[in-house]
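Within every chain, numbering begins at 1; the chains are lettered A, B, ... in the order of the sequence lines, protein sequences first and strands thereafter.
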There are 2 protein chains.
Amino acid sequence: MDSSDDSGHGAPTEEDAPPATFADDGKNTIGSQLASRLREAIISGELEAGSKINLDKARKTFNVSLSPLREGLARLISDGLVEFQDNRGYRVAPISLANLEEVTTLREELEVFALRESIRMGDIEWEGNIMRALHRLNRTERDAARPETLEHWEALHREFHLTLISGCGKPLLLHFCNLLLNLNDRYRRAFLIRTSGDRNVGQEHSEIAQGAVVRDVDYACEKLRQHIHRTGTNLRNHLATKGVV
Amino acid sequence: MDSSDDSGHGAPTEEDAPPATFADDGKNTIGSQLASRLREAIISGELEAGSKINLDKARKTFNVSLSPLREGLARLISDGLVEFQDNRGYRVAPISLANLEEVTTLREELEVFALRESIRMGDIEWEGNIMRALHRLNRTERDAARPETLEHWEALHREFHLTLISGCGKPLLLHFCNLLLNLNDRYRRAFLIRTSGDRNVGQEHSEIAQGAVVRDVDYACEKLRQHIHRTGTNLRNHLATKGVV
DNA sequence: AATATAAAAATAATCGATTATTTGTCAAGC
DNA sequence: GCTTGACAAATAATCGATTATTTTTATATT
């Protein structure tokens with residue numbers, strides 16, 4: 001949309017265009033952009049779990065004013081990534097063994113329920129989306145040596161899980177699951193998780209996907225439940241190793 | 001993750017300040033007070049579902065500045081009571097048949113699960129709290145002629161349901177349930193629901209409570225599920241009557 | 001008349017400065 | 001020595017004004 005000059009409006013109004021790579025996809029306001037950046041910073045561990053968020057420092061770090069900063073932080077509260085207390089400000093939500101276990105348990109309940117509903121309600125479009133997400137995920141290599149590949153894999157992994165349940169037709173339920181996935185990813189990325197030797201995660205995903213598209217509710221749901229449970233156990237071991245309570 | 005505001009079901013002996021006389025509670029921030037007032041205004045239907053919230057008018061109505069107003073509204077987003085769009089502002093979350101059905105379904109899933117966990121984990125203290133909440137609820141008359149008694153009953157009813165699941169030891173799950181209860185109450189209060197003739201709600205509550213304290217998981221959970229389901233059906237009929245899609 | 005365009009009004013977002021609250025420090029009194 | 005309270009510094013909350021965006025209205029063009 002930039003190059004060729006359209007209807008001759010000689011006006012020199014063209015000024016510093018924002019980096020063309022940033023699609024104008026609804027993240028217009030500073031507050032929204034900030035929410036995204038902060039979310040990523042928290043999930044990736046760049047902002048330490050449990051740490052206080054000093055508004056003044058954050059304001060300088062992100063080069064923004066107070067209003068959008070508060071706006072962004074307020075939004076992360078609904079994501080469960082930030083906690084707030086009147087007159088005492090914000091802090092990054094802490095991580096703990098108990099929290100990890102709750103997240104895992106609730107994922108087993110909610111994500112499995114959402115899959116069940118998706119299988120019941122989903123259409124062909126949904127099936128296709130699953131196969132696509134599965135393919136992209138399984139064809140992507142995870143190379144521990146290159147962090148950027150890990151991030152990419154994480155994004156595809158998340159996408160796969162969300163696609164699985166995207167057919168359930170229940171916005172609130174999807175919101176909950178999305179939130180739980182956010183929380184879960186913090187633990188995962190905190191340890192740059194390498195799957196334990198006795199797991200073939202790729203196959204696990206394939207089994208879940210296959211079960212879903214052939215509408216075998218019990219099979220797919222049980223496979224998903226086990227998948228979530230194993231991941232939880234895996235993460236818990238890492239956490240215990242690090243001595244987190 | 002919970003905002004530190006009102007709706008306290010945590011404080012046992014708390015007497016509620018009767019009318020919403022403004023200001024001088026002094027202790028909380030304006031943003032928090034606003035969040036409470038707005039939450040009540042939305043749940044009670046004072047602010048119409050789906051309607052736009054004009055910041056300038058709201059600012060004048062509530063006699064506050066923009067910052068705390070936005071702060072308060074942002075918090076209601078996590079409660080599912082307000083929706084937001086960049087550069088287009090806030091609006092009261094709409095109600096619909098589909099939403100009511102989802103809320104009911106998810107309550108059946110989550111609240112029942114939370115009760116199951118509470119029965120497994122709850123201590124004597126928890127049992128006592130249930131009996132107290134039940135007693136207060138059953139001893140309170142609901143007089144359709146006097147709205148303030150309805151509000152009081154609603155508060156006790158909400159308190160009872162939250163107490164039932166308060167022993168589960170899962171903060172996130174409680175947060176979800178609390179949110180669902182908020183959404184559910186909007187429908188309930190929209191119709192000043194009078195229970196249909198074939199229900200004895202008082203007895204339903206008693207059965208659930210009894211089952212819980214004697215730790216009969218299956219009995220208590222099934223009774224709760226039916227209770228939620230019946231309420232959902234009841235509300236759906238009212239909604240259909242009003243022609244809501 | 002219908003569509004497109006430009007100016008104006010309404011509304012939302014942001015900023016910089018000010019006010020309120022909490023936290024930290026230190027001396028006085030017991 | 002320990003608590004208490006006054007003060008100061010740090011931090012959070014709020015305000016009023018300014019800037020940016022969207023919506024509405026008016027005008028022109030086909």
Side-chain angles (χ1 to χ4, degrees), chain A residues 1 5-19 22-38 47-48 50-77 82-93, chain B residues 1-6 22-38 47-48 50-77 82-93:
Chain A
M1 65 159 55
D5 66 322
D6 33 53
S7 44
H9 66 300
T13 54
E14 215 61 274
E15 61 218 349
D16 58 317
F22 283 147
D24 196 19
D25 53 2
K27 309 238 162 185
N28 289 330
T29 65
I30 298 180
S32 287
Q33 292 173 265
L34 210 47
S36 296
R37 290 178 63 186
L38 284 168
L47 285 176
E48 190 189 1
S51 66
K52 184 134 187 21
I53 299 174
N54 183 304
L55 291 178
D56 224 43
K57 287 173 188 158
R59 191 175 64 66
K60 283 164 187 157
T61 303
F62 293 99
N63 252 69
V64 294
S65 186
L66 242 41
S67 321
L69 180 57
R70 288 179 144 265
E71 193 93 14
L73 284 169
R75 273 187 234 170
L76 294 191
I77 294 176
V82 163
E83 293 181 348
F84 172 81
Q85 218 182 346
D86 267 354
N87 286 319
R88 304 224 185 133
Y90 305 83
R91 74 173 51 238
V92 181
Chain B
M1 89 171 356
D2 275 346
S3 43
S4 60
D5 56 21
D6 74 326
F22 30 71
D24 65 325
D25 283 14
K27 196 185 170 213
N28 286 334
T29 62
I30 298 180
S32 287
Q33 292 173 267
L34 255 185
S36 296
R37 292 176 63 185
L38 285 168
L47 285 176
E48 190 189 2
S51 65
K52 185 136 186 18
I53 299 173
N54 183 305
L55 291 178
D56 223 43
K57 286 173 188 160
R59 191 176 63 67
K60 284 164 189 159
T61 303
F62 292 100
N63 253 69
V64 295
S65 186
L66 242 42
S67 321
L69 180 57
R70 285 177 146 269
E71 192 94 16
L73 284 168
R75 275 190 232 168
L76 294 192
I77 294 176
V82 163
E83 293 180 349
F84 172 81
Q85 216 183 346
D86 266 355
N87 284 320
R88 304 224 183 134
Y90 304 83
R91 74 173 51 238
V92 181

Checklist outcome for this item: Of the candidates C:dT23, D:dT14, C:dA12, the side chain of A:Arg88 sits closest to C:dT23

Item to check | Interatomic distance, B:Asp86 CG vs C:dA12 P [rounded to whole Å] | outcome: 13 Å

Checklist outcome for this item: CD (A:Glu71) and OG (A:Ser32) are apart, to the nearest 0.5 Å, by 7.5 Å

Item to check | Nearest heavy atoms of B:Arg88 and B:Lys52, plus distance in Å | outcome: O-NZ, 3.1 Å

Item to check | Side chain proximity check, B:Leu55 to B:Tyr90, heavy atoms < 4.5 angstrom | outcome: yes

Item to check | Nucleotide nearest A:Ser65 (side chain, heavy atoms from C-beta), chosen from C:dC15, C:dA12, D:dT22 | outcome: C:dC15

Next on the checklist: Does B:Lys57 reach a base, just sugar-phosphate, or nothing at all? Heavy atoms under 4.0 Å.
Outcome noted: nothing

Checklist entry - How many angstroms lie between atom CZ of B:Arg37 and atom CD1 of B:Ile30, to the nearest 0.5 angstrom? => result 10.5 Å

Checklist outcome for this item: Here the distance between atom P of C:dA12 and atom NZ of B:Lys60, to the nearest Å, is 12 Å

Checklist entry - Once you round it to whole Å, what is the distance between P of D:dT21 and CD1 of A:Ile30? => result 10 Å

Checklist outcome for this item: Result for 5'-nearest mapping on DNA chain D, choosing between B:Glu71 and B:Leu66, is B:Glu71

Item to check | Side-chain heavy atoms of A:Leu34 within contact of A:Val64, under 4.5 Å | outcome: yes

Checklist entry - How long is the line joining CG of B:Leu69 and P of D:dG16, in whole Å? => result 14 Å

Checklist entry - Which residue lies toward the 5' end of DNA chain C, B:Asp56 or B:Ser67, if each is placed at its nearest nucleotide? => result B:Asp56

Checklist entry - How close or far is atom P of D:dT18 from atom CG of B:Leu55, stated in whole angstroms? => result 19 Å

Checklist entry - Within this structure, what is the CG-to-C1' distance between A:Asn54 and D:dA9, rounded to whole angstrom? => result 13 Å

Checklist outcome for this item: Atom CZ of B:Arg91 and atom P of C:dT11 are separated, to the nearest Å, by 13 Å

Item to check | Proximity to the side chain of A:Asn87 - top-ranked nucleotide from D:dT14, C:dT22, D:dT23 | outcome: C:dT22

Next on the checklist: Just the rounded figure in Å: distance from P of C:dC15 to CG of A:Leu34.
Outcome noted: 10 Å

Next on the checklist: Using a 4.0 Å heavy-atom cut-off, does A:Ile53 contact any base of the nucleic acid, only the sugar-phosphate backbone, or nothing at all?
Outcome noted: sugar-phosphate

